[in-house]
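Note sheet for the following structure.
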Amino acid sequence: MGYLSLLLISFVCLLAKGDEFNVTCPEKPRSLPNLIMLGLPNQGCIKGTDGSSCEYFIRMAPNLDDPDFLDIYMEGNLKGWVAVGFSHDTHMVNTDVLGCKQDESGNLGIINGWNPDVKAKHNERDPNQHGMCLYSIEYKDKRIICSFSRYRFIMNDGYDYNLNDSFHLLLGKSKMQTPVNESLPFHSPDNPMPTKSKFNPYDYNPNNSNGTLNNAKFKRRLLRVHGSLMVIGWPLFAITAIFFAAWMKPALQKGKWFQFHRALMIMSLVIAMIGFVLVFVANRNNSRPGLIEFKCDRMVAHLIIGIIVMGLQMLNPLIALCRCKQESKYRWIFNLVHGSGIGLFTELLALANTGLGLALFQSYCGALTGVGNHMLWLYLGWLCFLLLVQSILFTLTTVSALKSHGEERYNLAPSLLKPFLKVVSREEYIGLNKSGEVETDNENMEEFDFSPRISKDSSIRTGALGIFTIVTLMVVTILVVLIGIDDF
């Protein structure tokens, strides 16, 4: 179990990392963005929605087909570049910069850059440029005119902000030219103009007539509910149910462990089914209603693993209904399939997919931002705690079993060791005569009962269950709160 848990933690980290930059650009917008419109030298240069008389003109709004992209339209009356900076203050340091530029040969391109926290150092070009989608760009009538989108989440930690935030916008242009694949040169002749007020490009009008952005809000709410239900359904209910089956049989008489196991697994199944359906309800307004959008490999992996887990989670209770009697010689087949086979496989997949889902909540298809991934780090910490509890229990119960004999040894042993200890216990019970022939007592053998009974180490098992339940409840509560309030 320890090795499997370590493998699971490694699997979660690899899945969460995934292909962070493989996002699909939306189709070219059918109309220009109209949520925010700013012009220089002042707003008076904008006539309705026309900024052609402005020295600098910018329009931006979330993409109507995919609000996770921010549409930006720019014009500038200088031949070098035109750009906008997203800054938490009115200074140029620590600023996410998006713009369009032209080199001396007339080549045009868009750029995602970053102004570092060193005033003497100018703009740096984001090395990967992922999440940038160019729609049109031209140099016409001595003006650079371009239209593009930027994925709103962080694609490269240290070079991007999440654009769903309030920023001072730095409006800049320059006559200076450098190759398209290099960073923006110094602004000239004027410094970028910061806005006095902050703007949130995603602070749209909730009464938008086309309803597209309202649908995006509704979708995010349902996905928050989906995430909360899955965190409750698996780490809390399902894993606790598995804990009862794995460790509490010797501590609870008359099959009470099974009553807890069954009740918790039923609750987990119901909660997981509701969460599973909500994902498809959230995507009801896609171009193909109900189908999940495959924006990156991380999303594809989460969906595929989720479907597999849901199918196995529904299948395993049906297998339990078909189980043979405890004394049947074929009982070991059921135990192998229901517990060690489908049960363990489903548990590992579900725990991995929960971590992957938390990574999606934290950064969606963007980059994971180190210590900023508080939900994922908290979850990985809980997995380590789960590994620690399982390892301690395995060690203590194994030692306790090896110090015992016969039926008691079998009852106390961890499930992984029971098949071996069952053989040993029977051999001890049978005994050998002096000639080496096996001496059996068929009547006593029939009464030899390997079913779990109350154990001498029940206090250890019960204490471990209590600690595990309290810690898990606390972690799940924190995760649900974070899912509800975190920027997503």
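Just so you know, these numbers use all the heavy atoms, side chains as well, and skip hydrogens, waters and symmetry mates.
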Can you tell me how far apart CG (Leu387) and CD1 (Ile392) are? Round to the nearest 0.5 Å. 9.5 Å
Within a reach of under 6.0 Å around CZ of Phe260, are more than 12 heavy atoms found that belong to other residues, nucleotides or ligands? no
Is there a side chain to side chain donor-acceptor pair (under 3.5 Å) between Thr472 and Trp382 once you walk through the steps? CA-CA 7 Å; Thr472 301; Trp382 176 81; 3.0 Å; yes
On a heavy-atom basis, which atom in Leu134 and which in Ser147 lie closest, and how many Å separate them? CD1-O, 3.7 Å
Test your reading of the model: is there a side-chain donor-acceptor pair from Lys198 to the backbone of Leu169, 3.5 Å cut-off? no
Take atom CD of Glu27 as the centre, draw a 6.0 Å sphere, and report whether it contains more than 12 heavy atoms from other residues, nucleotides or ligands. no
Once rounded to the nearest 0.5 Å, what's the spacing between atom CE of Met60 and atom CD1 of Ile72? 5.0 Å
Verify whether one side chain among Asn123 and Ser183 offers a donor that lies under 3.5 Å from an acceptor in the other. no
So, does His226 use its side chain to make a donor-acceptor pair with the main chain of Val279 at under 3.5 Å? no
Lys NZ or Arg CZ of Arg152 over Tyr202 ring: under 6.0 Å, within 45°: yes
Should the pair Asp65-Arg30 be classified as a salt bridge under the 4.0 Å nitrogen-to-oxygen rule? yes
Atom pair OG1 (Thr178) and CZ (Arg125), whose distance is rounded to the nearest 0.5 Å: 10.0 Å
Can you see which heavy atom on Tyr161 is nearest to which on Asn94, and at what distance? OH-O, 2.7 Å
What distance do Met230 atom CE and Ile274 atom CD1 have between them, rounded to the nearest 0.5 Å? 10.0 Å
Closest heavy-atom pair, His88 versus Asp165, reported as atoms and distance to 0.1 Å, is CE1-OD2, 3.2 Å
Ring centres under 6.0 angstrom apart (Phe167, Phe199): no
So how far is it from Met474 CE to Leu479 CG, rounded to the nearest 0.5 Å? 11.5 Å
How close do Leu465 and Thr240 get, counting heavy atoms only, and between which atoms? CD1-CG2, 4.5 Å
Contact summary for Ser228 and Val480, nearest pair of heavy atoms: OG-CG1, 3.9 Å
Note, Pro235 side chain near Val476 side chain (heavy atom, < 4.5 Å): yes
Out of Thr95, Val97, Thr195, which one pairs with Leu170 under the side-chain contact (heavy atoms from CB on, under 4.5 Å) rule? Thr95
Could you grab the distance from atom CG of Leu163 to atom CD1 of Ile154, nearest 0.5 Å is fine? 9.5 Å
Of all heavy-atom pairs between Ile110 and Gln129, which one has the smallest distance, and what is that distance? O-OE1, 4.1 Å
Is it true that Gln390 and Trp247 share a donor-acceptor pair across their side chains at a distance under 3.5 Å? yes
For Phe468 and Phe243, take the angle between the two ring planes, folded into 0 to 90°, and tell me which bin it lands in: parallel under 30, tilted 30 to 60, perpendicular over 60. parallel
Side chain to side chain, Ile111 and Phe148, heavy atoms closer than 4.5 Å: no
Test item: Cys146 and Tyr135 side chains (from C-beta on) under 4.5 Å apart, heavy atoms: no
Between the side chain of Arg461 and the main-chain N/O of Met248, is any donor-acceptor distance below 3.5 Å? no
Taking the side chain as every heavy atom from C-beta outward, state whether Val84 and Met74 have any atom pair closer than 4.5 Å. yes
Salt-bridged, Asp71 to Arg150, with N to O below 4.0 Å? no
Please examine the side chains of Leu351 and Leu386, heavy atoms only from C-beta on, and report whether any two atoms are closer than 4.5 Å. yes
Closer than 3.5 angstrom, by distance alone: can the side chain of Arg262 be matched with the main-chain N or O of Gln259 as a donor-acceptor pair? no
Between Asn63 (side chain only) and Asp66 (backbone N and O only), is there a donor and an acceptor less than 3.5 Å apart? yes
Could you walk me through whether Phe57 and Tyr73 pass the side-chain contact (heavy atoms from CB on, under 4.5 Å) test, one step at a time? CA-CA 8 Å; Phe57 178 55; Tyr73 173 87; 4.0 Å; yes
Report yes if the side chains of Ser87 and Met92 come closer than 4.5 Å at any heavy-atom pair, otherwise no. no
Using side-chain heavy atoms (C-beta onward) and a distance below 4.5 Å, is Val93 in contact with Pro116? no
How about Tyr151 and Phe69: are their ring centres within less than 6.0 Å of each other? yes
May I have the step-by-step check of side-chain contact (heavy atoms from CB on, under 4.5 Å) for Met375 and Phe361, ending in yes or no? CA-CA 9 Å; Met375 285 192 288; Phe361 270 108; 3.7 Å; yes
State whether a side-chain donor-acceptor pair under 3.5 Å links His338 with Asn316. yes
Quick check: are there more than 12 heavy atoms from other residues, nucleotides or ligands sitting under 6.0 Å from CE of Met267? yes
Just by distance, with hydrogens left out, do Asn112 and Asp160 show a side-chain donor and acceptor under 3.5 Å apart? yes
Check the pair Met314 / Met273 against side-chain contact (heavy atoms from CB on, under 4.5 Å), numbers first and verdict last. CA-CA 9 Å; Met314 292 188 293; Met273 290 178 67; 4.2 Å; yes
May I ask you to check whether His302 and Asn353 show a side-chain donor-acceptor distance below 3.5 Å? yes
Within-4.5 Å side-chain heavy-atom neighbours: Phe237 and Met265: no
Give the intermediate values and the outcome of side-chain contact (heavy atoms from CB on, under 4.5 Å) for residues Thr49 and Met37. CA-CA 8 Å; Thr49 60; Met37 288 189 290; 4.0 Å; yes
